[in-house]
2 protein chains.
Amino acid sequence: MPERRVRPTIHDVARRAGVSATTVSHTFSGKGVVAAATREHVREVARELGYRPDAVARGLRNSRLGVLALVLRPLETLDSFLPEGVDYFLRFAGQAALAAMQLGYGLMLVSDPTQESSPSAALACDGFLITEPVQGDPLVRMLIDERIPFLTVGRDPANADYDTWIDTGTTQMTYEVLRHLTEAGASRVALVTGTDRNSWNIDAENAYRAWAADRGQEPLVVHQPETAGESGGSAAAHELLRAASPPDAVYCLTGRHAAGLLRAVTERGYTVPGDIRIVAGSDSEHSRSTTPPITSVDLGPELLARVAVTMLVNRLESLDRPIPPGDLHGRLIVRGSTA
Amino acid sequence: MPERRVRPTIHDVARRAGVSATTVSHTFSGKGVVAAATREHVREVARELGYRPDAVARGLRNSRLGVLALVLRPLETLDSFLPEGVDYFLRFAGQAALAAMQLGYGLMLVSDPTQESSPSAALACDGFLITEPVQGDPLVRMLIDERIPFLTVGRDPANADYDTWIDTGTTQMTYEVLRHLTEAGASRVALVTGTDRNSWNIDAENAYRAWAADRGQEPLVVHQPETAGESGGSAAAHELLRAASPPDAVYCLTGRHAAGLLRAVTERGYTVPGDIRIVAGSDSEHSRSTTPPITSVDLGPELLARVAVTMLVNRLESLDRPIPPGDLHGRLIVRGSTA
DNA sequence: CTGAAAGCGCTAACAG
DNA sequence: CTGTTAGCGCTTTCAG
């Protein structure tokens with residue numbers, strides 16, 4: 001490996017400028033008081049030398065690296081080769097990175113740092129963003145214990161010890177979907193959820209059960225691992241069609257389950273949306289490109305990400321930057337599978 | 001802001017284990033020689049205390065943070081609110097992050113670190129990945145000068161001083177698209193490129209001009225800024241239709257230009273693909289959801305990202321991990337706009 | 001095989 | 001306003 005050229009240090013600048021290292025430090029950190037003339041001179045010399053403060057050394061002193069960590073929980077349960085159907089997380093990550101940049105931070109994608117295997121740089125981040133923490137999430141626990149600032153998108157369903165989470169409005173959206181299905185002519189709606197114990201799955205199932213109870217209906221719920229993808233959807237289809245009173249509408253929380261279910265019921269000769277209406281809880285390539293395309297919930301990850309980053313940075317810096325306005329609760333995109 | 005709980009340091013472990021800090025350091029870095037029994041004991045104590053080496057302090061000594069930086073060049077010229085139609089970069093970033101994780105690295109999304117405004121942590125990264133560097137890219141220059149390992153996806157068209165770049169096969173793909181259009185019945189093909197001076201735009205235009213010259217045809221090229229999006233596509237349409245001999249096929253390198261162009265020509269009463277065939281050089285939501293859907297090149301960012309990360313880490317560690325196999329040159333997805 | 005000592009580049013006190 | 005001093009947590013000679 002080629003040796004890195006030695007970057008000029010604060011001492012090089014100090015010597016060349018005829019001042020002390022402290023003065024250089026102060027002119028760059030803006031902390032101490034430096035005469036305007038001195039400051040100008042130091043800046044000038046630094047520019048000549050190509051000096052830039054070293055973030056690592058700086059971070060060592062003030063434990064502030066200028067980096068936010070992003071943990072995309074559900075990605076960790078997914079296969080290594082990122083399948084289609086996870087638009088949500090990529091859109092979230094991309095937007096979060098941009099927002100962080102604009103606030104002067106880097107955004108690092110990391111896997112769970114409670115795992116020994118994770119890059120140790122993860123622990124050095126200034127704050128954490130966690131999407132859809134799982135029930136009793138060990139990372140949330142650790143961050144609380146270590147007093148590291150963090151924010152979760154969706155809450156840890158088993159942890160009441162923190163309030164730094166963003167409500168993604170799953171309950172409300174579930175009712176909206178159920179209403180939509182009813183209006184589209186469905187009389188018996190089933191639910192297919194994933195098996196991760198996160199608030200998304202849990203809140204949706206609770207809302208569904210409450211709704212069913214309200215209507216005096218027997219709830220019809222199937223669980224399939226998120227990782228099962230389309231074949232999980234197809235398995236759910238078989239299970240549902242065997243039921244005592246089979247559904248005429250299915251709400252699948254994941255796009256891949258929905259796509260698999262659509263294919264399975266179609267192959268069995270049912271028409272969609274004639275015999276069975278289908279809605280996906282997360283919009284994705286998978287839901288758009290089927291025949292018919294699947295009515296889906298667009299969770300609006302872009303806005304969610306911007307809001308989350310802004311809130312976290314506000315916490316980090318005890319500031320009050322305005323939170324980007326807008327509805328965090330997603331919207332239903334009606335397509336052929338229910339229309 | 002709450003004060004962080006003090007993490008145990010190497011000294012805490014040393015004291016508790018009755019050894020010196022050096023020994024602890026050695027057992028964790030694997031560098032020196034430590035008796036097996038001692039090593040076990042130290043590990044044990046460290047576990048009790050919840051000790052994990054501090055990546056920042058460690059990085060200070062050996063300038064190795066365990067983090068890869070990813071610079072998505074074209075994103076920087078885009079509006080802050082990430083528009084639809086940039087699937088490519090998000091898919092690339094997501095996959096790169098996963099690949100990096102699996103090799104024990106974090107992946108940090110950063111903006112150009114030659115800019116003063118960028119988070120200074122950016123400079124501390126061990127290696128850089130740059131997608132589509134621009135002509136005479138200042139970041140590439142800087143990385144060469146500073147001897148920081150890097151890899152570009154697409155080359156810097158004006159910099160022959162490095163060979164650590166991945167060929168995305170733009171030239172070859174351009175010919176493939178032109179052939180496809182010809183086979184679809186086109187006799188006069190125009191090209192719409194972006195204005196960023198990167199190898200993607202440049203190679204495509206060169207290939208197109210060579211192809212036109214071969215056929216003794218007058219080339220018909222329009223440039224529109226990437227940022228212009230759909231309205232850029234619509235502007236291109238107006239320009240092309242005014243031409244002395246208007247095209248019966250258009251190859252738009254960006255998905256958003258293609259979508260705008262499709263709309264504009266349709267509004268003017270042309271049929272697609274009857275009167276005009278359209279191909280987009282980059283697959284995206286925009287190209288899929290139009291009527292008709294637009295034939296597009298899927299650049300395969302997932303594989304590109306995995307290959308790039310693996311190659312970069314190999315360089316960093318002077319290793320020879322196998323490069324994920326597969327064709328890096330993208331594939332054409334034929335849709336209604338040419339069929 | 002183990003440990004003492006000397007920093008990596010920077011910043012936080014505190015004196016001048 | 002500026003400089004001196006003393007480390008942050010870890011690694012690295014180099015002697016035992």
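Proteins come first, then strands; the chains are lettered A, B, ... in the order of their sequence lines, and each starts at number 1. The structure presented is a predicted model; accordingly, all values stated were derived computationally and were not measured. Hydrogens, waters and symmetry mates are skipped; everything else that's a heavy atom, side chains included, is used.
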**OP:** Could you check how far NE2 of A:His26 sits from C1' of D:dC1, rounded to whole Å?
**Re:** 11 Å

**OP:** Among D:dT2, C:dT11, C:dC8, find the nucleotide with the atom closest to the side chain of A:Ser25.
**Re:** C:dT11

**OP:** Go through C:dC10, D:dC10, C:dG3 for me and flag the one nearest to the B:Pro53 side chain.
**Re:** D:dC10

**OP:** Could you state the atom-to-atom distance from CG of A:Asp12 to C1' of C:dC8 in whole Å?
**Re:** 13 Å

Original post:
How would you label the contact of A:Tyr51 with the nucleic acid (heavy atoms, under 4.0 Å): base, sugar-phosphate, or nothing?
Top reply: sugar-phosphate

Subject >> Check: B:Arg155/B:Gln135 side-chain N/O donor and acceptor closer than 3.5 Å >> reply: no

Subject >> Whole-Å gap separating C1' (D:dC10) and CZ (B:Arg7) >> reply: 12 Å

Subject >> Whether B:Asn159 side chain and B:Asp156 backbone form a donor-acceptor pair below 3.5 Å >> reply: no

Subject >> Atom-pair distance (CG on B:Leu49; P on D:dG9), nearest Å >> reply: 14 Å

Subject >> Closest to side chain of A:Arg58, choosing from D:dT12, D:dT4, C:dC10 >> reply: C:dC10

Original post:
Does A:Lys31 put a side-chain nitrogen or oxygen below 4.0 Å from OP1 or OP2 of C:dT11?
Top reply: no

**OP:** Tell me which of B:Leu60 and B:Gly18 sits closer to the 5' end of DNA chain C, going by the nucleotide each one is nearest to.
**Re:** B:Gly18

Original post:
How long is the line joining CZ of B:Arg39 and P of C:dC1, in whole Å?
Top reply: 9 Å

**OP:** Ignoring backbone atoms, establish whether B:Thr9 has a side-chain N or O less than 4.0 Å from OP1 or OP2 of D:dG9.
**Re:** no

Original post:
In whole angstroms, how far is the P atom of D:dT2 from the NE2 atom of A:His41?
Top reply: 12 Å

**OP:** Please report, rounded to the nearest Å, how far the P atom of C:dG9 is from the CG atom of A:Leu65.
**Re:** 17 Å

**OP:** For the side chain of B:His11, starting at C-beta, report the closest nucleotide among C:dG3, D:dC10, C:dA13.
**Re:** D:dC10

**OP:** Would you indicate what B:Val19 reaches in the nucleic acid, counting non-hydrogen atoms under 4.0 angstrom: base, sugar-phosphate, or nothing?
**Re:** sugar-phosphate

Subject >> side-chain N/O A:Ser20 vs D:dT2 OP1/OP2, d < 4.0 Å >> reply: no

Subject >> Lys/Arg cation over aromatic A:Tyr51: A:Arg43, 6.0 Å, 45° cone >> reply: no

**OP:** Among C:dT2, D:dG9, D:dT2, find the nucleotide with the atom closest to the side chain of B:Val34.
**Re:** C:dT2

Original post:
Taking atom types as they are modelled, is there a donor-acceptor pair under 3.5 Å from the base of D:dT4 to the side chain of A:Thr22?
Top reply: yes

Original post:
CZ of A:Arg16: more than 12 outside heavy atoms within 6.0 angstrom?
Top reply: no

**OP:** Please tell me which of B:Thr38 and A:Ala21 maps to the more 5' nucleotide of DNA chain C, matching each residue to the nucleotide holding its nearest heavy atom.
**Re:** B:Thr38

Original post:
Got a donor-acceptor contact below 3.5 angstrom from the B:Asp196 side chain to the B:Asn198 backbone?
Top reply: no

